[in-house]
> 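Please read through the structure below; I'll follow up with questions.
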Amino acid sequence: MLNTASYYGDKLVTDVPIDNYVYKASHNKEKNFTLIVAVPVEKYNEFTMRNTKLTGKQFASISIIVSIILLAFIFIIYSRITSRYFITPLKKLIDGANKLAHGKYDARINLKTTNEFADLSDAFNVMAMKIETERILKEKSEEQRKRLILDISHDLKNPLASIMGYASYLNKCNDISEENLKKYLSVIESNSIRANNLIQELFQFSKLESTDFTLSLQKQDICEFLRTLIANYIADLEDKGFTYDFHIPEKSIFVDFNSKNLDRAFSNIITNCLKYNPPGTKLLITLTSYKDYVNVAFCDNGIGIDESKLETIFNPFVRVDESRNSKSGGTGLGLAITKSIILKHNGTIKLHSSLNKGCIFNIHIPINKHYNKEI
Ligand code: ADP
């Protein structure tokens, strides 16, 4: 067969059609005779197509190549799927764990899978969130502890410095009038009382704050208890020119409480009212019983507390106005102690107040459902 164009006599023999004919030439073994065939193009195409058959070797090679391509393709797709299901989530989990280990407590893992890795990432996120919350609480309590120590040392420093100063002066001074001696001794006495009060209150506060410390609560009539407590303050209220009103049910309402500590909690609120408000202030104390609790409310129409302070007023050493307090001699622990006592009764305390609008302290103490069946 001829693949290139050539002439046999005056006839061109070629694969390229000429005048819609393809010319093909062939000869016999001895090469003494040549046959030239002219085939119409359309017949030629039919003829050649029929004859393009693959040999066994060609077929095998093509099959191997196609199989390799197919295998490679399957491998790529499989590795993509594997990566999406295993490697990517694993990488994200390792990355999150590393961040956490390096103190990035806000690290969270966001997986878009629904397999076991999703459960694992959820568990990781919950754990990271808990660690972060604990960490914040720890930092906060560490800050509070430092502030507490600073406040204690600050509040103890002044009375102790004054005691030391006057005592040393009296020790050195040989010539002192009786009047001055009395004056200095009374300064020493009042500062000793102040320092002692602070230490006593601190002791009580830290005892109440301790989780191991529990109050022993006894079933008692809270109405009777409140009436007796208030009676002790009538003289003080009148001396200071306060007006007052009390609404306490005549009947008995039995509640579990520790009378010594509840006395302390309620007294703090009443003495604060007396200490910080001017004559003419009205104090109203009410006790109302509900199904599960009693509400004891202490309301005054005095100077009130600025709303910005309401969130922190029950924290130790928080005072509204330092100058006002130094005169009153308060330690800044009164309301913190009150709150701790109420919490030890499983109760709540809330303050509603704004400047010049007075204060309302609402205290809830739970009622044992087996008591007071008639309520
Ligand atoms: P303190 O020992 O200073 O009295 P407390 O914890 O008892 O400390 O009270 C905190 C602050 O709240 C007080 O310093 C006072 O400024 C303010 N306060 C408490 N009760 C009243 C009230 N009824 N009216 C106005 N201010 C009050």
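Just so you know, ligand 1 is whichever comes first in the structure, and atom 1 is the first atom listed for that ligand.
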> What are the atoms of ligand 1, with element, lying closer than 4.0 Å to any heavy atom of Ile313?
11 (C), 12 (O)

> Mind checking whether Lys275 has a heavy atom under 4.0 Å from ligand 1?
yes

> Does either side chain, that of Gln58 or that of Thr55, offer a donor lying less than 3.5 Å from an acceptor on the other one?
yes

> Could you tell me whether Glu116 atom CD has more than 12 heavy atoms of other residues or ligands within 6.0 Å of it?
no

> Quick one: which residue pairs count as a side-chain hydrogen bond (donor to acceptor under 3.5 Å, both in side chains) with a foot in residues 89-108, not counting sequence neighbours?
Arg108-Glu132

> What about Cys359: any of its N or O atoms under 3.5 Å from an N or O on ligand 1?
no

> Classify the contact between Ile305 and ligand 1 as side chain, backbone, both or neither, using a heavy-atom distance cut-off of under 4.0 Å.
side chain

> Does the plane of the ring in Tyr23 sit parallel, tilted or perpendicular to the ring in Tyr21? Use 30° and 60° as the thresholds.
tilted

> State the CG-CG distance between Leu335 and Leu351, to the nearest 0.5 angstrom.
7.5 Å

> Going by the atom numbers of ligand 1, which of them fall below 4.0 Å from some non-hydrogen atom of Gly332?
1 (P), 2 (O), 3 (O), 6 (O), 8 (O)

> For atom 9 (O) of ligand 1, which candidate among Asn272, Leu333, Leu355 holds the nearest heavy atom?
Asn272

> Show which atoms of ligand 1 fall inside a sub-4.0 Å distance from at least one heavy-atom site of Ile303.
25 (C)

> Give yes or no for whether the N/O distance cutoff of 3.5 Å, strictly under, is met between Val318 and ligand 1.
no

> Which atoms from ligand 1 have a heavy atom of Arg319 less than 4.0 Å away?
3 (O), 14 (O)

> Report the part of Asp300 (side chain from C-beta onward, or backbone N, CA, C, O) that has a heavy atom under 4.0 Å from ligand 1; answer both or neither where that applies.
side chain

> Just how far is it from atom CG of Leu287 to atom CD1 of Ile365, taken to the nearest 0.5 Å?
9.5 Å

> In a check of side-chain contact (heavy atoms from CB on, under 4.5 Å) between Val255 and each of Ile222, Leu217, Leu262, Asp221, which one passes?
Ile222

> Just grab all the ring-ring contact (aromatic ring centres under 6.0 Å, His included) pairs involving residues 168-225, residues at least two apart or on different chains.
Tyr166-Tyr184, Tyr169-Tyr184, Phe225-Phe257

> Pull out every atom of ligand 1 sitting under 4.0 Å from any heavy atom of Asn277, numbered as shown with elements.
22 (C), 23 (N), 24 (N)

